Each structure stands twice: as structure tokens, then as C-alpha cells.
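Heads up: the structure comes next, in C-alpha cells.
Below, chains carry the letters A, B, ... as their sequence lines are ordered, and counting in each starts from 1. Everything numeric in this text was worked out from a predicted model, so none of it was measured.
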There are 2 protein chains.
Amino acid sequence: MDFMSENQQKKTSKSDRTRAQILEAARLLFAKHGYDGASIRDVAAHASIDPAMVIRYFRSKDELFARAAVVDLKLPALRVIDRTAIGKTLIRRFLEIWEDPANGTGMAILLRSATSNEFAAEKLRDVFANQVRPLVAAVADPADAGRRAGLISSQLLGLAMCRYLLRLPPVVALSHDEIIQTVGPTLQRYAVGEDVP
Amino acid sequence: MDFMSENQQKKTSKSDRTRAQILEAARLLFAKHGYDGASIRDVAAHASIDPAMVIRYFRSKDELFARAAVVDLKLPALRVIDRTAIGKTLIRRFLEIWEDPANGTGMAILLRSATSNEFAAEKLRDVFANQVRPLVAAVADPADAGRRAGLISSQLLGLAMCRYLLRLPPVVALSHDEIIQTVGPTLQRYAVGEDVP
DNA sequence: TCCATATGCCAACGACTGTTGACAAATGCA
DNA sequence: TGCATTTGTCAACAGTCGTTGGCATATGGA
């Protein structure tokens with residue numbers, strides 16, 4: 001048992017490393033150029049390996065993309081925070097996510113491809129349904145949670161589009177504090193404002 | 001003279017008609033599948049014509065896309081409208097644009113491709129700089145116009161993404177009145193709110 | 001040391017892409 | 001009626017794509 005697990009580890013440790021290299025290269029290129037724009041040959045070149053290996057480790061480009069497009073927002077539980085600071089908390093977490101290489105890359109991958117790749121679009125709707133919406137349901141009437149979460153997502157996805165993908169100059173130039181001060185109140189109102197539903 | 005002008009018209013009317021058919025098919029498919037997803041062969045098939053003709057009428061796929069991605073928002077001059085109704089006016093016009101086949105298709109073409117096609121991204125930034133920003137500059141301090149217009153664009157592009165491209169169910173379900181009532185105040189604040197800049 | 005297995009490269013496949021040039025039919029003018 | 005120009009089709013080009021199978025090499029246990 002002991003040596004078997006050791007063997008298992010050593011046997012796979014080499015392949016796991018190249019596997020990770022491929023995945024990292026794939027995440028980088030999918031985030032930069034989208035699903036169609038990033039070819040398997042490009043990914044292989046970035047990982048310094050033969051294109052055939054990419055298919056051997058991940059069975060197809062679709063499967064590689066699915067592995068690369070994993071997103072866990074780790075959103076804070078809004079129940080426990082100050083009810084008057086929901087908007088600012090959300091927008092702060094949003095900036096953290098997008099400007100941290102690990103999570104930001106994942107979101108960029110999805111958003112870049114969601115407009116022309118149905119799988120990515122479905123995955124993005126999943127993130128909304130399983131990570132954003134439940135969070136809103138915890139602080140607002142669950143009957144309105146969908147609508148409220150939808151409005152919040154529209155503002156956040158739009159901000160991400162303009163700032164990180166489209167790179168609209170005035171939006172890129174905004175500081176964190178400016179964004180928090182301007183977008184925070186919008187999210188606050190969408191989340192719990194009484195004039196919204 | 002009579003029949004000559006008729007002939008002249010007929011000479012060009014034939015080619016102009018197929019030209020228009022090709023352009024219409026291209027707009028439809030670019031809006032639906034994006035730049036990469038719509039092939040020249042697809043466009044030709046939709047226009048019931050040979051692929052070679054598409055290249056003959058428009059010199060290349062890039063040029064065809066450029067012709068298809070023309071957008072004129074025809075935004076109202078905000079100077080003349082009620083200063084307290086700027087937000088509602090903007091969001092009303094937004095809904096008109098996107099749900100009218102002619103203009104909505106143009107915006108869909110740009111937005112679908114902007115995430116993975118640099119030309120489309122640049123074109124979208126142009127729409128912002130030449131159509132949205134000057135409009136905001138007319139009602140707010142021109143020094144803040146860029147930032148204000150950027151925030152407005154982030155909300156509007158995000159809404160378009162969620163409602164028309166991503167088709168996020170709760171956002172699709174919103175009625176026009178609900179959107180006007182919820183998003184209008186956001187835009188109003190971004191446009192002229194004193195706590196924004 | 002020998003052998004099985006894991007890891008990797010190479011060449012090629014079939015499909016699809018944008019684009020081109022040669023050739024056929026239609027059209028309009030003399 | 002002839003002739004020239006327009007309008008269109010067809011086949012093929014060169015390139016890229018995802019994917020596959022065969023073959024070399026390296027690794028690690030017996």
C-alpha cells in the first residue's frame with residue numbers, strides 16, 4: 001500500500017507537471033483570444049510541447065476549454081455583513097477577482113468566448129445561477145432574487161467588458177476607489193433598494 | 001430618354017439587389033455567430049449565391065464585416081430634454097435601438113465580435129467616443145464627460161450582454177417599464193449625479 | 001540488465017477556411 | 001443581328017484547424 005501510492009505518485013508526477021503547463025498555457029490563450037482565437041497548436045507552442053500531447057492529456061479542445069474555464073468566485077456570505085455595505089462589498093470583491101490573475105483569468109476566459117460559444121455562455125449562466133443569485137437571495141426577498149441578481153450581473157459584466165476586455169480608456173483609468181464610490185451605490189440599490197422590484 | 005434612364009437603372013439595380021442581399025445575410029449571420037463563426041460560404045448560402053460573388057462585391061471578409069458593422073445610434077440631443085429625465089430618455093432609446101431589427105443588428109454584430117476581434121473592439125470604442133461621449137458632454141461638465149460616459153456605457157453594454165446575447169433568463173424576462181424604472185435612475189446618476197465625479 | 005510502461009515527436013488525415021482565375025450565361029447597346 | 005459588359009458558376013489554390021496512429025526515447029521496477 002505504501003509503495004503503491006508512492007509509485008502512483010511518481011508515475012504521474014511527471015505527466016502532471018506537463019499537464020499543468022498545458023492547462024496554464026490554455027488558460028492564458030483562451031483568456032487573451034477566446035475559444036476560436038486560441039488554437040491547440042498555439043497552446044502546445046506556449047507549453048513547449050507537441051500539439052498531439054494536448055489531445056492526449058485532454059481528450060479534445062472542448063474538454064480542454066471546459067477544464068480551463070473553471071470559475072469559483074468565492075463570494076462572501078452577504079448575510080453576515082453590514083446590510084448597508086452590500087454594494088461596496090460586492091464591487092470590492094469584483095475588483096479583487098478580476099485583478100487577481102487566478103480568478104480573473106477564469107472570468108476573462110468565459111466572458112471572451114460567451115458571445116460566440118454556446119458552452120461558454122451556458123457556463124456563465126451557471127455562474128450566475130449558482131454563485132451570484134443565491135447570494136442575493138440571502139439578503140433580499142427570494143422572490144425578487146432573480147431580478148435583483150440579474151441587474152447586478154448586468155452592471156458587473158458591463159464593467160468587466162468595458163474595463164478588462166474592451167479596454168475603454170475612461171473606464172480603464174478609473175481608480176478602485178472611484179469605482180467603489182460610483183458603482184457601489186448602484187449595486188446596493190439593485191440588491192436591496194425598495195424601488196427596484 | 002425615358003427608356004435610357006430605365007435601362008441605366010436596370011443595369012445597376014440588378015447587381016445592387018444581390019449586393020444588398022449579401023449584406024443583409026452577412027449582417028444576420030455576423031449578429032448571430034460573430035466574425036469567426038460566420039463563414040463567407042454561410043453568407044453566400046443565405047443569399048442564394050456563389051461564395052465567389054461575395055468576394056467580388058466586397059473585396060474581402062474584413063471589408064464585408066466593416067460594411068455590415070455600421071452603427072448610427074441617432075441618439076437624442078440631451079440638451080433639449082428635461083434635465084431630470086436624462087436617465088429614462090437614455091434607457092428608452094437603448095431599448096428602441098436594440099429591439100429594432102435595423103439598429104439592434106448593428107450593435108449585436110459589434111458586441112458579439114468585440115471580445116475576440118480587434119477591429120470590432122475598435123469600432124465599438126469609436127461608437128462610444130463619437131456618439132455616446134459627446135452626448136454626455138452636452139449635459140455635464142466636459143471634464144467629467146469621459147468618466148460619466150464610461151459608466152453609462154458599462155451599464156448599457158452589460159444590460160445588452162445579459163439580455164440580448166447571453167440571454168440571462170431573469171434579465172430577458174424584464175419588461176420595458178421595469179428596466180426603465182430600475183436602470184433609468186442609475187444612468188441619471190452616472191450622467192449628472194453630483195456624487196459621481 | 002532487461003522489459004514494460006510512460007512520455008514525447010512526427011507525419012499525415014480530412015474538413016474547413018478565405019480567396020483566385022478560368023469559363024459560361026445573361027444582359028444591354030450598336 | 002452581332003458584340004461587349006455584366007452577372008454568375010465551378011473548381012481549385014494554399015493555408016489552418018482538430019485529431020489520429022505509428023514510432024522513438026526515457027523512465028523506473030524486476
Side-chain angles (χ1 to χ4, degrees), chain A residues 1-23 25-26 29-30 33-69 113 116-120, chain B residues 1-23 25-26 29-30 33-69 113 116-120:
Chain A
M1 332 277 154
D2 209 342
F3 66 92
M4 280 217 39
S5 60
E6 267 188 24
N7 285 347
Q8 191 82 6
Q9 257 185 330
K10 280 216 171 172
K11 228 195 272 183
T12 56
S13 73
K14 190 88 168 192
S15 68
D16 276 358
R17 196 144 43 86
T18 61
R19 208 185 146 86
Q21 282 176 5
I22 294 172
L23 193 59
L29 293 179
F30 281 142
H33 305 116
Y35 180 87
D36 289 317
S39 72
I40 287 196
R41 283 172 169 85
D42 290 341
V43 171
H46 256 73
S48 306
I49 210 168
D50 192 90
M53 295 303 292
V54 178
I55 297 293
R56 263 249 270 269
Y57 279 98
F58 308 82
R59 297 161 32 101
S60 67
K61 187 181 182 182
D62 287 326
E63 208 156 312
L64 174 62
F65 184 79
R67 291 282 179 181
S113 304
S116 57
N117 181 296
E118 184 50 32
F119 173 81
Chain B
M1 325 294 143
D2 210 341
F3 67 92
M4 277 209 53
S5 60
E6 266 188 27
N7 283 349
Q8 187 81 6
Q9 255 184 333
K10 279 209 173 177
K11 221 199 275 184
T12 54
S13 73
K14 194 88 167 190
S15 69
D16 278 357
R17 195 143 44 88
T18 62
R19 209 184 147 87
Q21 282 176 5
I22 294 171
L23 193 59
L29 293 179
F30 280 142
H33 303 116
Y35 180 86
D36 289 317
S39 72
I40 286 195
R41 282 173 171 83
D42 289 342
V43 172
H46 256 73
S48 305
I49 210 166
D50 193 89
M53 294 303 291
V54 178
I55 297 293
R56 263 248 273 267
Y57 279 97
F58 308 83
R59 296 161 33 99
S60 67
K61 186 181 182 181
D62 287 325
E63 208 155 313
L64 174 62
F65 185 80
R67 292 282 180 182
S113 303
S116 58
N117 180 298
E118 185 49 32
F119 173 81

Exercise. Does any N or O in the side chain of B:R67 come within less than 3.5 Å of the main-chain N or O of B:L23, such that one atom is a donor and the other an acceptor?
Worked result: no
Return the nearest nucleotide to the side chain of [X]; candidates are [options].
| X | options | result |
| --- | --- | --- |
| A:R56 | D:dT19, C:dG8, C:dG21 | C:dG8 |
| B:R41 | D:dT7, C:dT17, D:dG18 | C:dT17 |
| B:M53 | C:dT19, C:dG8, D:dT7 | D:dT7 |
| A:I40 | D:dT9, C:dT19, D:dT19 | D:dT19 |

Seminar exercise, completed: On a heavy-atom basis, the closest approach of B:H33 and B:A38 is CB-N, 4.2 Å
Exercise. At under 4.0 Å, does any side-chain N or O of A:T18 touch on OP1 or OP2 of C:dT7?
Worked result: no
To the nearest Å, how far apart are [X] [atom1] and [N] [atom2]?
| X | N | atom1 | atom2 | answer |
| --- | --- | --- | --- | --- |
| A:D16 | C:dG8 | CG | P | 11 Å |
| A:F58 | D:dT19 | CZ | P | 13 Å |
| B:K61 | C:dT19 | NZ | C1' | 12 Å |
| A:N117 | D:dG18 | CG | P | 13 Å |
| B:Y57 | C:dT20 | OH | C1' | 17 Å |
| B:L64 | C:dT19 | CG | C1' | 14 Å |
| A:I22 | C:dG8 | CD1 | P | 8 Å |

For this session: Would you mind reporting whether A:D36 and B:S116 have side-chain heavy atoms less than 4.5 Å apart?
Result: no
